[in-house]
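Everything on this sheet refers to the single structure shown next.
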Amino acid sequence: RTMKKFIFALVSLMMSISASAFDFDGIDLNGNAVEITRQIGMKGYVYDDTRDCLRGECKGNEIYLSINYNDVTEKNKIGQLIVDIPLNNMASAFETAVKIFNVVYHQTEKVGDSVKYTVSEDGTQLVVSPAKDYIRLTYNTPFYNKK
């Protein structure tokens with residue numbers, strides 16, 4: 001049951017991201033950072049003190065969002081969107097996620113437990129990483145510049 005819920009969450013999340021523009025849950029993440037923040041708030045995401053990020057629902061599944069506004073090449077843009085999907089059975093869920101992403105996206109490299117994909121024509125990359133009780137999806141926008 002948990003695996004079915006996870007697969008549904010993953011497929012729903014992938015469907016909310018378009019291939020030609022970096023779009024999350026109907027929000028264009030290549031737009032202005034202030035407008036992005038406003039739209040995320042309108043979607044009902046709220047600050048979670050415990051995890052130091054935003055908590056909300058995407059396609060009926062609880063997720064946690066972190067946004068990197070600092071490591072960017074252009075002012076008023078975002079560098080990364082980090083999505084954490086809580087899970088019970090981490091090991092099998094991560095393997096399933098990688099299999100699904102391998103079908104949908106072009107895998108560019110594997111570093112340790114993390115797998116990197118090209119997900120958009122604009123240069124956006126996705127890094128899928130396992131954690132203790134969640135899977136982390138890190139979307140690096142074309143404006144991302146690790147400092």
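Treat the numbers as computed from the prediction; the structure is a model and nothing was measured. All heavy atoms count here, side chains included; hydrogens, waters and symmetry mates do not.
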key: Audit row: L137, V128, side chain to side chain contact (heavy atoms under 4.5 Å, CB included) steps and yes/no   = CA-CA 5 Å; L137 308 177; V128 181; 3.9 Å; yes
task = Look at the side chain of T141 and the backbone N and O of G79, then say whether any donor-acceptor pair between them is shorter than 3.5 Å.
result = yes
request  = Compare all side-chain heavy atoms of I67 with those of I40 and state whether any distance is below 4.5 angstrom.
outcome  = yes
note = So OH of Y117 and CD of E109: to nearest 0.5 Å the spacing works out to 11.5 Å
ask   = Got V83 and L65 here, is their nearest side-chain heavy-atom distance under 4.5 Å?
value = yes
key: side chain to side chain contact (heavy atoms under 4.5 Å, CB included) between I78 and F143, worked out   = CA-CA 7 Å; I78 69 167; F143 307 108; over 6 Å; no
message = Tell me the closest heavy-atom pair linking G31 and I36, and the distance in Å.
response = O-CD1, 3.5 Å
request  = Taking S114 for its side chain and S129 for its backbone only, find out whether a donor-acceptor pair lies under 3.5 Å.
outcome  = no
query = Given side chains that start at C-beta, do those of L29 and Y139 come closer than 4.5 Å, heavy atoms only?
reply = no
query = To the nearest 0.5 Å, what is the distance between CG (L126) and CD (Q80)?
reply = 11.5 Å
ask   = Among the clusters formed by ILVMFWY side chains lying less than 4.5 Å apart, do I85 and V115 turn up in the same one?
value = yes
remark   = Of all heavy-atom pairs linking D48 and R51, the shortest is OD1-N, 3.0 Å
task = Would you sort out whether Y69 and N76 count as a side-chain hydrogen bond (donor to acceptor under 3.5 Å, both in side chains), showing the intermediate values?
result = CA-CA 8 Å; Y69 295 102; N76 298 319; over 6 Å; no
request  = To the nearest 0.5 angstrom, please state how far the CG atom of N70 sits from the CG atom of N145.
outcome  = 11.5 Å
message = Donor-acceptor check, side chain of Y45 to backbone of E57, threshold 3.5 angstrom: yes or no?
response = yes
ask   = What distance do R55 atom CZ and D84 atom CG have between them, rounded to the nearest 0.5 Å?
value = 13.5 Å
remark   = Separation between OG1 (T108) and NZ (K116), nearest 0.5 Å, reads 5.5 Å
query = Is I82 reachable from V127 through a run of hydrophobic residues whose side-chain heavy atoms are each under 4.5 Å from the next?
reply = no
query = Is a side-chain donor or acceptor of K75 paired with a backbone partner of K77 at a separation under 3.5 angstrom?
reply = no
task = Please check if L54 and I63 belong to a single hydrophobic cluster, counting links between Ile, Leu, Val, Met, Phe, Trp and Tyr side chain heavy atoms closer than 4.5 Å.
result = yes
request  = Tell me, with the steps shown, if Y47 and D52 meet side chain to side chain contact (heavy atoms under 4.5 Å, CB included).
outcome  = CA-CA 7 Å; Y47 185 74; D52 189 26; 2.3 Å; yes
